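Order of the sequence lines fixes the chain letters, A, B, ..., with proteins taken first and strands second; residue numbering starts at 1 for each chain. No experiment lies behind these values; they were computed from the predicted model shown.
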Protein chains: 2
Amino acid sequence: MDYIGRLTAHLPTANRLLMVKADGSVSIHADDRAYKPLNWMSPPCRIEEAPGVWRVVNKAGEELRITLEEVLHDSSHELGVDPGLRKDGVEAHLQELLAASPGVLREGYTLVRREFPTAIGPVDLFCRDAGGGSVAVEIKRRAGIDAVEQLTRYLELLNRDPLLAPVAGVLAAQSIAPQARTLAEDRDIRCVVVDYDALRGIERDELTLF
Amino acid sequence: MDYIGRLTAHLPTANRLLMVKADGSVSIHADDRAYKPLNWMSPPCRIEEAPGVWRVVNKAGEELRITLEEVLHDSSHELGVDPGLRKDGVEAHLQELLAASPGVLREGYTLVRREFPTAIGPVDLFCRDAGGGSVAVEIKRRAGIDAVEQLTRYLELLNRDPLLAPVAGVLAAQSIAPQARTLAEDRDIRCVVVDYDALRGIERDELTLF
DNA sequence: CGTTGTATGTCGCAT
DNA sequence: ATGCGACGTACAACG
């Protein structure tokens, strides 16, 4: 196998698993590296099949050349349309829940905007505290140092705006890395660990009230 | 299928491809999303096989429950040890090319050192400009905000050294995200978009001259 | 279509 | 183990 594209790669002859999907993708698996193939081509791409040689090319001109020396097994199956995967607990959902109940972050918080736009990207939640002060909230599932850096950038920018300043910072996450917490607190960013399940419970309770 | 781990996910019944590798990994594929499975478990993990039900658990307690209703096809193959994949990357090569032709970044630049060591990691290129001033260059294939942060950290550190200061910053990449450019220019970091193919051409021309 | 942020990212390397 | 940077990152959402 040879790949010529964003990088070049060569793979000597060996027994391998080739997977060709209905979406047009091709992947070459060895008996390791979990679900990641040794090489692949993502759709949309075109497969040119000559005897013993496959040439897979995509729009950008990237190319996969596969030479087949022996076929140990070959089978094909109709899988039909997949009913789809339901995920729960990703950051987007956490943001929804906190947007609905900003008081969880601190008593008296009210939401001004979700995805508050700035020149360097949107702030997850923009709130006001009980005293009318501005609060920028960064939400992560797991907060690392990068999350603190991100929020710091937003705060620096927002605090240049005399209409908004002073803007306080809150880092809300299901878990916060110790180093991230240290860095955050050093920068006067408040850390809030949120319990996703409990938050979902609050949401349910509030819905029940109406 | 159900996954309970870093998030929870559920997958209704359908025809799917299950791949179990010798490394112990399990992945569940549909006929789309290229090489990425709908769900998976990475090694090390343990598969408990009951009739019609697989339970895959890893060290962190994440769990995959797979219910088999019907097996359309089942086959197993020894792939043996894989001879391994040889990759030739672009990023390292880009650094080589710029090290050989620092004048591409700005007329008069000369290379002092590649991988210039600092306490927080090596600076990709350390140069002098035509006036003898210090220049730290961060090279990326695609520069995002994180690249600007990285270079900023280097510059802050380097500028504390009175023998080097002032040190100018240059971000060189094949493509630079708009937000990264905004942040960089706000911090007086110069952005240079380099053309990999053209650079390779320059290299060839210079080699031809000698 | 380009841009941006997220990811069960994964992977590899240094500490 | 953990932190950090690179990845052919992939991928989806959004302007």
(request) Output yes when at least one side-chain N/O atom of B:W40 is less than 4.0 Å from OP1 or OP2 of C:dG9, else no. (result) no
(request) Give a yes/no answer on whether the side chain of B:K140 brings an N or O atom under 4.0 Å of OP1 or OP2 in D:dA6. (result) yes
(request) Please determine if a side-chain N or O atom of A:Q150 lies less than 4.0 Å away from the OP1 or OP2 oxygen of C:dG5. (result) no
(message) OP1 or OP2 of C:dT10 versus the side-chain N and O atoms of B:R6: is any pair under 4.0 Å?
(response) yes
(request) May I have the distance from A:E149 (atom CD) to C:dG5 (atom C1'), rounded to whole angstrom? (result) 17 Å
(request) Let me know, please, whether B:L64 or A:R33 comes out on the 5' side of the other along DNA chain C by nearest nucleotide. (result) B:L64
(request) State whether the side chain of B:T152 and the backbone N or O of B:V148 hold a donor-acceptor pair below 3.5 Å, judged by distance alone. (result) yes
(message) Looking at A:K87, I'd like to know whether one of its side-chain N or O atoms comes within less than 4.0 Å of OP1 or OP2 on C:dT8.
(response) yes
(request) Would you mind reading off the distance between B:N39 atom CG and C:dT10 atom P, rounded to a whole angstrom? (result) 12 Å
(request) Starting from the 5' end of DNA chain C, give me the residue, A:G121 or A:R142, whose nearest nucleotide shows up first. (result) A:G121
Contacts table for residues 49-57 of chain A: side-chain donor-acceptor under 3.5 angstrom, sequence neighbours left out:
from  : atom 1 : to    : atom 2 : distance (Å)
A:R55 : NE     : A:E63 : OE2    : 2.9
A:R55 : NH1    : A:E48 : OE1    : 2.9
A:R55 : NH1    : A:E48 : OE2    : 3.1

(request) Start with the C-alpha distance between B:K140 and B:E138, add both sets of side-chain angles, then the distance that settles salt bridge (charged side-chain N to carboxylate O under 4.0 Å, His left out), and finish with yes or no. (result) CA-CA 7 Å; B:K140 284 273 182 290; B:E138 176 65 33; 2.8 Å; yes
(request) Begin with the C-alpha distance, continue with both residues' side-chain angles, and end with the deciding distance and a verdict on salt bridge (charged side-chain N to carboxylate O under 4.0 Å, His left out) for B:R181 and B:E185. (result) CA-CA 6 Å; B:R181 179 180 289 274; B:E185 285 168 356; 3.5 Å; yes
(message) Rounding to an integer number of Å, can you tell me how far A:Y154 OH sits from C:dT4 P?
(response) 11 Å
(request) Round to a whole Å and report the spacing from NZ of A:K36 to C1' of C:dT8. (result) 15 Å
(request) Using atom CD of A:E91 as one end and atom C1' of D:dC11 as the other, report the distance to the nearest whole Å. (result) 15 Å
(request) Can you tell me the distance, in whole Å, between the CD atom of A:Q95 and the P atom of C:dA7? (result) 11 Å
(message) Can you tell me if B:R153 touches the phosphate of D:dG5, counting only side-chain N or O atoms and a distance under 4.0 Å to OP1 or OP2?
(response) yes
(message) Using atom C1' in both nucleotides, what's the gap between D:dC14 and C:dT8 to the nearest angstrom?
(response) 24 Å
(message) Using heavy-atom distances to pick each residue's nearest nucleotide on DNA chain D, tell me which of B:A34 and B:D124 is more 5'.
(response) B:D124
(request) Identify which nucleotide among D:dC11, C:dA7, C:dG5 has an atom closest to any side-chain atom of A:R141, counting heavy atoms from C-beta outward. (result) C:dA7
(message) What is the distance, to the nearest angstrom, from the CG atom on B:D146 to the P atom on D:dG3?
(response) 18 Å
(request) Can you tell me, in whole Å, how much space there is between the C1' of C:dA7 and that of D:dA6? (result) 15 Å
(request) For the pair A:H29 and B:H29, name the ring-plane relationship: parallel under 30°, tilted 30 to 60°, perpendicular over 60°. (result) perpendicular
(request) Among D:dG8, C:dG5, D:dA6, find the nucleotide with the atom closest to the side chain of B:E138. (result) D:dA6
(message) Ring-plane angle category for B:H73 and A:H77, please: parallel below 30°, perpendicular beyond 60°, tilted otherwise.
(response) tilted
(request) Starting at atom OH of A:Y35, determine the distance to atom P of C:dT8, rounded to an integer number of angstrom. (result) 9 Å
